[in-house]
Amino acid sequence: MDLSSLEPPGTGQSPRPSPFPKTMASFASPHPRPQWPRAAADAASRALAAAVFAFLDVLDALLCIVYALLDGVLEESPVRCYCHRSHGAAEEEDEELSDTLYVRRSAVRDALVGLLRRLLVVVVGRRRREPCGDKWRSPRWSDCACEACVAWRGSGGRLHVVVKEPAAADDDCIKDADAHAHAAGETDNAIFLHGFSSSSSFWAETVFREASITNCSRLRLLAVDLLGFGQSPKPGDCLYRLSDHVEAIERSLIQPLGLTSFHLVSHSMGCVVALALAAKHPARVKSITLVAPPYFLPRGQKKAMSQVALNRLAEKKLWPPLLFGSAVMSWYEHVGRTVCLVVCKNHRLWERLFSLVVTWWSWRERDRGGGGGGVGLRLLRDLTRHTHHSAWHTMHNVICGGARLQDANLEAVQAAGIPVQAIHGVDDRVVPVECSTRHLKAKLPTARIRVMDGCDHTTVVLGRERDLADELRAFWYGQLN
């Protein structure tokens with residue numbers, strides 16, 4: 001539903017009177033339902049979460065020792081973990097370098113890190129040497145070094161892009177909405193940016209398959225694997241700051257394709273990159289569609305926004321699983337590295353298993369008369385296509401560090417008059433819907449906010465691909481007529 005159609009409480013028609021007499025309503029519920037069962041369940045859930053994350057604090061500290069020893073033996077120039085670095089003056093000057101890399105507030109973690117710094121003085125001393133030249137690069141010993149994972153080295157540093165070319169010029173599907181572009185002989189371009197731990201498949205396997213936009217003459221769709229994800233480069237000497245992602249898109253799409261204008265469509269973390277790209281190229285961006293944008297109005301000092309983003313977008317909760325996974329990969333450097341060691345280093349094994357499951361699912365759906373399905377299962381393979389270095393730094397320097405830059409980027413977008421729409425699921429528990437309905441709307445009053453009932457962080461796209469494709473087409477061309 002469109003947010004503009006919502007009426008605040010107390011407006012509109014008066015509520016319909018109850019068909020039951022007041023005395024009957026009182027008789028039906030003489031006592032209010034007790035609230036203590038829900039309160040007790042919430043308290044138990046919080047206690048369990050506190051216990052689990054305290055255990056992860058201890059485990060992360062132990063793994064710090066293990067990796068310190070293994071890196072010292074297996075790497076010629078070991079790289080210090082952030083447990084043993086401090087956010088100094090040089091880091092303070094770099095606005096894109098998030099302080100959450102160094103400071104993640106946790107009493108248990110802080111006590112354990114202080115103890116580790118004393119116990120590992122010898123090991124840490126050996127690791128103080130900064131990596132030089134080509135020593136600090138992917139793959140590390142804990143990364144996969146298969147041919148596919150290092151093939152990007154011959155790409156000149158360009159991102160992997162999936163291109164859906166325009167339909168044939170004589171196709172009879174040309175509609176009034178894009179007739180102006182066809183008549184002018186122009187090609188409209190739309191760049192799609194995925195979210196965290198995803199890839200171009202998130203769009204190529206979904207919206208790109210819908211006829212409502214793929215059959216549009218003069219419309220070219222471009223889905224990008226962001227730097228460090230999918231089949232794009234994963235350099236180990238990169239801090240994956242917001243500017244690094246923007247420059248990679250310029251180097252891989254805007255410059256080689258000579259794009260003078262384009263639409264932007266982004267999901268979750270990709271919204272942060274899209275706004276930065278639009279702020280840098282306001283004259284080229286025709287419209288911006290933000291799906292589940294992680295934006296919060298500033299509170300207090302701008303520097304504190306990175307901590308706000310970390311605590312709101314990677315909240316230490318056990319449910320839903322996507323939020324729990326985000327918390328583990330954001331708060332625990334060494335636990336996250338272990339997950340990547342098991343999953344990403346062995347991605348070929350996991351991809352074969354996913355392929356078997358997808359094949360079985362497709363047969364099952366065909367037997368039931370379905371359409372094959374399995375899109376969500378195919379997208380699971382994206383969870384294996386990154387390194388810990390790329391995921392860790394992107395999470396902190398783009399999602400958390402980028403929170404400090406979003407206000408300036410939104411102001412540049414508003415000043416340029418770029419049309420913006422945000423689409424958000426009501427049931428999104430990873431990026432709360434208030435990010436769009438309250439925070440983004442307050443900052444960008446002209447933005448069109450669409451709230452989807454019954455949709456969460458992923459089903460706002462998956463499962464409603466056709467509707468989203470129609471919405472994009474209407475937004476792109478309806479606002480130009």
Side-chain angles (χ1 to χ4, degrees), residues 96 156-166 177-195 200 203-204 207-208 213 216-227 232 241-267 269-291 293 295 398 402 405-423 440 443-444 446-448 471-481:
E96 292 188 273
R158 291 187 178 181
L159 303 180
H160 174 75
V161 182
V162 176
V163 182
K164 187 75 173 180
E165 292 290 350
D178 62 325
H180 68 284
H182 177 67
E186 301 173 352
T187 297
D188 267 351
N189 299 284
I191 300 176
F192 289 73
L193 306 178
H194 61 80
S200 55
W203 299 110
V207 177
F208 279 27
I213 59 174
C216 293
S217 178
R218 307 295 181 182
L219 177 60
R220 178 168 53 184
L221 308 179
L222 306 159
V224 185
D225 282 352
L226 292 175
L227 186 67
S232 284
R241 293 165 295 192
L242 191 53
S243 59
D244 294 323
H245 287 277
V246 170
E247 289 168 5
I249 294 172
E250 293 172 332
R251 184 171 60 247
S252 306
L253 274 87
I254 297 177
Q255 294 170 2
L257 296 180
L259 301 183
T260 57
S261 66
F262 48 86
H263 302 278
L264 285 172
V265 183
S266 54
H267 175 250
M269 181 199 76
C271 298
V272 182
V273 181
L275 289 172
L277 184 64
K280 191 172 182 180
H281 299 279
R284 302 190 188 201
V285 178
K286 302 177 73 173
S287 74
I288 307 173
T289 297
L290 307 172
V291 183
Y295 173 71
V398 174
L405 307 173
Q406 287 208 71
D407 270 356
N409 292 336
L410 283 168
E411 289 166 4
V413 167
Q414 186 175 31
I418 302 173
V420 177
Q421 74 166 342
I423 303 174
L440 182 65
K443 184 65 180 180
L444 204 63
T446 58
R448 182 185 183 188
E471 292 162 6
L472 290 174
R473 183 185 177 95
F475 180 61
W476 289 340
Y477 298 114
Q479 44 97 4
L480 295 177
N481 292 337

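Keep in mind the model is a prediction, meaning the values are calculated, not measured. Scope of the values below: all heavy atoms of this structure, side chains included, with no hydrogens, waters or symmetry mates.
- Between Thr187 and Arg220, the closest heavy-atom pair is CG2-CB, 4.0 Å.
- Here the shortest heavy-atom pairing between Val413 and Ala278 reads CG2-CB, 4.0 Å.
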Would you please test Ser266 and Leu290 for side-chain contact (heavy atoms from CB on, under 4.5 Å) and show each step? CA-CA 5 Å; Ser266 54; Leu290 307 172; 3.5 Å; yes
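- Take Ser200 and apply the side-chain contact (heavy atoms from CB on, under 4.5 Å) test, not counting sequence neighbours, and it matches His160, Val162, Ala223, Asp225.
- Closest of all the heavy-atom pairs between Ala422 and Leu440 is CB-CD2, 3.6 Å.
- Between Gln406 and Pro293, every side-chain heavy-atom pair lies at or beyond the 4.5 Å cut-off.
- Taking 4.5 Å as the limit, some side-chain heavy atom of Glu250 sits within range of a side-chain heavy atom of Lys280.
- Of all non-hydrogen atoms in Leu242 and Asn409, the two that sit nearest each other are CD2-ND2, 4.4 Å.
- Proximity of a side-chain donor or acceptor of Gln421 to a complementary backbone N or O of Phe475 within less than 3.5 Å is not detected.
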For a side-chain contact (heavy atoms from CB on, under 4.5 Å) check, start with the C-alpha distance between Leu226 and Ile249, then their side-chain angles and the critical distance, and finish with the verdict. CA-CA 8 Å; Leu226 292 175; Ile249 294 172; 4.1 Å; yes
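- For the pair Leu275/Leu410, a side-chain contact is recorded, criterion being any heavy-atom separation below 4.5 Å from C-beta on.
- Of all non-hydrogen atoms in Pro256 and Arg251, the two that sit nearest each other are CD-O, 3.3 Å.
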I'd like to know whether Trp203 forms a side-chain contact (heavy atoms from CB on, under 4.5 Å) with Leu221, so could you lay out the CA-CA distance, the side-chain angles of the two residues, the decisive distance to 0.1 Å, and finally the verdict. CA-CA 10 Å; Trp203 299 110; Leu221 308 179; over 6 Å; no
Could you walk me through whether Leu257 and Leu222 pass the side-chain contact (heavy atoms from CB on, under 4.5 Å) test, one step at a time? CA-CA 11 Å; Leu257 296 180; Leu222 306 159; 4.2 Å; yes
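- Contact check for Tyr295 versus Val272: no side-chain heavy atoms found under the 4.5 Å cut-off.
- Under the rule for a side-chain contact (heavy atoms from CB on, under 4.5 Å), the partners of Arg284 that lie at least two apart in sequence or sit in another chain are Ile254, Phe262, His281.
- Here the CD atom belonging to Glu411 is positioned 3.5 Å from the NZ atom belonging to Lys443, to the nearest 0.5 angstrom.
- By the 4.5 Å heavy-atom criterion applied to side chains, Arg218 and Asp188 are not counted as neighbours.
- Distance check: Lys164 NZ to Ile213 CD1 gives 10.0 Å after rounding to the nearest 0.5 Å.
- The aromatic rings of His263 and Trp476 lie parallel to each other, their planes meeting at an angle below 30°, with 60° marking the opposite boundary.
- Taking every heavy atom of both residues into account, Lys286 and Pro419 meet most closely at O-CD, 3.3 Å.
- Counting heavy atoms from C-beta outward, Leu259 and Ile191 have side chains that approach closer than 4.5 Å.
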